[in-house]
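Below is one structure, written out as structure tokens, with a few remarks after it.
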Amino acid sequence: MSNPIIDQAYRRRTVLKTMLASGALPLLSSGVFSSALAADNRFAGRTLNLLIIQPHVVTGKKIAEDFEKLTGAKVNVTAVPYDQVSVKATLDFQSGAGEFDVIDYFYTYKGQLAEDGVIEDVTDLIEKDKAEIQPDDFIQTIYDQYTLHDGRRYGLPYDGDSHLLFYNKELFDRYGLKPPTTWDEYTENAKVITEAESRNGIYGAAVLGAKIPVIILSTYANRLTGFGGNFLKADGTSALDSTEAVEALKSLLASAPHSLPTPLETRFEEGLPAFLSGRAAQIDFWTDLGGYAQDPKGSKIVDKWGVTRIPVGGANKTPRLAFNAGFGFAITSGSKNKDVAWELIKLATSRDYHEQLLTLTGSGIDPDRHSGLNSEKFKAFQPLVQPLLADGALENSLAWPTAVYAPKLENALTDELALALAGTKSAEQAIADAHKAWTNIIEANG
């Protein structure tokens, strides 16, 4: 099985932060703070410990600075690779240390964290403060998928994550290509460019296929949803016993020979620099890539890139996004400062603060609120991306499993996809074995 502890080298978008070298984000003016929090130093002398994923470290430090400026509370930020958040928070809780007060959790782990007693049920707090939080402003699908477990809520959304397909207009124009609407067209584009340009170190695509759930599962999820498939059936059983699930993997395998060598070794660290430097013509990636691609500090393709919806495949004609990653903030059950922790979460996930983070290059934050998605500031910051998300696309996105045993499902599917990409198994065999593993896991966990 895959190791659930991801090596720090695989941190999402870390490479971009290094390339951009943007430093700490500026403090926000007091006008963007939640109205319920007056700058009165009412928490002076109190200390919070925030456990955050490494790709959010810049915003984590910013939150710490802003919250101290506003309330007087000191916030210590501990950044770890995304999969270590769950493990580290669980060990902290089980040991009784109670070191951390707030954690930045991957939404697919919410069930496990809730059942293990690691994170607090905040349903009543949300109801009490709903005028301030404005929960109806959250995109409903994100709100439910990120926070709801057995009818109760265990946090608030912080970073809404989905993919679009980005492409290099200069390379496409050179070879008379059009943005792909199907995965077959995507593969053909990749083939044309790779055959013509590989001798120059340029490839038709960057396929993120490293054996890490957040990488290879995101790549597969884009194709699964493109072919009209699902991870689970309505009754909660595995939906991998479908033609769509097999065809999605076949499509991934078909594009691999025409992509940046080699997909199994292609993480963010390899794929993103290749796209931003003009060495990869296509990449399916998180929507905030639009901000990076247009920033001359780290991009050589300013004004030379485009973006389109995730392609479709097979009989499916309706594009659909997938929730690839996505994070929320939760209070830990072992926190000794739950009142202060809740105020920090309200600030970090608030309407005004979210809009500010959406429009800052380097924040790594994608839309999870209607107000942010439809704001004039976001439209101006992401003029190509925003229209592709604003027509109900996020409300209808494919979510990954979120049950207590979801991490086991992720690891099992990751193993099989990697074996297929390595050529050890056919698409049919890999998906059949993944379906069997999923069925066993689901049945064993009731």
Start with the C-alpha gap between Ser259 and Tyr203, add the side-chain angles, then the distance that decides, and say whether side chain to side chain contact (heavy atoms under 4.5 Å, CB included) holds. CA-CA 6 Å; Ser259 64; Tyr203 297 87; 5.8 Å; no

Do [X] and [Y] pair up side chain to side chain, a donor and an acceptor below 3.5 Å, judged on atom types alone?
{"X": "Thr123", "Y": "Tyr154", "answer": "no"}
{"X": "Asp137", "Y": "His370", "answer": "no"}
{"X": "Asp366", "Y": "Thr287", "answer": "yes"}
{"X": "Ser375", "Y": "Glu355", "answer": "yes"}
{"X": "His258", "Y": "Glu188", "answer": "no"}
{"X": "Tyr175", "Y": "Glu197", "answer": "yes"}
{"X": "Asn222", "Y": "Arg320", "answer": "no"}
{"X": "Trp305", "Y": "Gln294", "answer": "yes"}
{"X": "Gln356", "Y": "Asp352", "answer": "no"}

Are the side chain of Lys110 and the backbone N or O of Leu148 linked by a donor-acceptor pair below 3.5 Å?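 Pair found, side chain donor or acceptor close to backbone of Leu148.
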
Taking the side chain from Thr332 and the backbone from Phe100, do they hold a donor-acceptor pair closer than 3.5 Å?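 At least one qualifying donor-acceptor pair exists.
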
Calculate, to the nearest 0.5 Å, the distance between atoms [atom1] and [atom2] belonging to [X] and [Y] respectively.
{"X": "Thr141", "Y": "Leu398", "atom1": "OG1", "atom2": "CG", "result": "11.0 Å"}
{"X": "Asp66", "Y": "Lys69", "atom1": "CG", "atom2": "NZ", "result": "7.0 Å"}
{"X": "Ile52", "Y": "Gln54", "atom1": "CD1", "atom2": "CD", "result": "9.5 Å"}
{"X": "Arg46", "Y": "Asn41", "atom1": "CZ", "atom2": "CG", "result": "13.5 Å"}
{"X": "Asp104", "Y": "Ser86", "atom1": "CG", "atom2": "OG", "result": "12.0 Å"}
{"X": "Ile331", "Y": "Trp342", "atom1": "CD1", "atom2": "CH2", "result": "6.0 Å"}

Taking side chain as C-beta onward, heavy atoms only, is [X] less than 4.5 Å from [Y]?
{"X": "Ile63", "Y": "Val75", "answer": "no"}
{"X": "Glu343", "Y": "Lys338", "answer": "no"}
{"X": "Thr108", "Y": "Pro401", "answer": "no"}
{"X": "Glu170", "Y": "Asn168", "answer": "yes"}
{"X": "Lys62", "Y": "Leu360", "answer": "yes"}
{"X": "Val312", "Y": "Thr181", "answer": "no"}
{"X": "Ile119", "Y": "Ile103", "answer": "yes"}
{"X": "Tyr107", "Y": "Ile142", "answer": "no"}

Does the cation-pi check pass for Arg153 over Tyr143, that is, NZ or CZ under 6.0 Å from the six-membered ring centre and within 45° of its axis?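 Judged by the rule (NZ or CZ under 6.0 Å from the ring centre, within 45° of its axis), Arg153 counts as positioned above Tyr143.
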
Any idea which heavy atoms bring [X] and [Y] closest together, and the distance?
{"X": "Ala348", "Y": "Tyr353", "answer": "O-CD2, 3.8 Å"}
{"X": "Phe378", "Y": "Pro367", "answer": "CZ-CG, 3.7 Å"}
{"X": "Tyr186", "Y": "Val207", "answer": "OH-CG2, 3.6 Å"}

Start with the C-alpha gap between Asp295 and Lys297, add the side-chain angles, then the distance that decides, and say whether salt bridge (charged side-chain N to carboxylate O under 4.0 Å, His left out) holds. CA-CA 5 Å; Asp295 190 323; Lys297 294 194 295 289; 3.3 Å; yes

Set out, in order, the CA-CA distance, both residues' side-chain angles and the distance that settles salt bridge (charged side-chain N to carboxylate O under 4.0 Å, His left out) for Lys304 and Asp173, then state yes or no. CA-CA 10 Å; Lys304 298 178 181 178; Asp173 290 345; over 6 Å; no

Run through Gln134, Glu132, Glu127 and flag the one making a side-chain hydrogen bond (donor to acceptor under 3.5 Å, both in side chains) with Lys130.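 When side-chain hydrogen bond (donor to acceptor under 3.5 Å, both in side chains) is applied between Lys130 and each of Gln134, Glu132, Glu127, only Glu127 qualifies.
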
Taking the six-membered ring for Trp, are the ring centroids of Phe327 and Tyr158 within less than 6.0 Å of each other?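 No - the distance between ring centres of Phe327 and Tyr158 does not fall below the 6.0 Å cut-off.
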
side-chain hydrogen bond (donor to acceptor under 3.5 Å, both in side chains) between Thr402 and Tyr109: does it pass, once the steps are laid out? CA-CA 6 Å; Thr402 60; Tyr109 282 73; over 6 Å; no

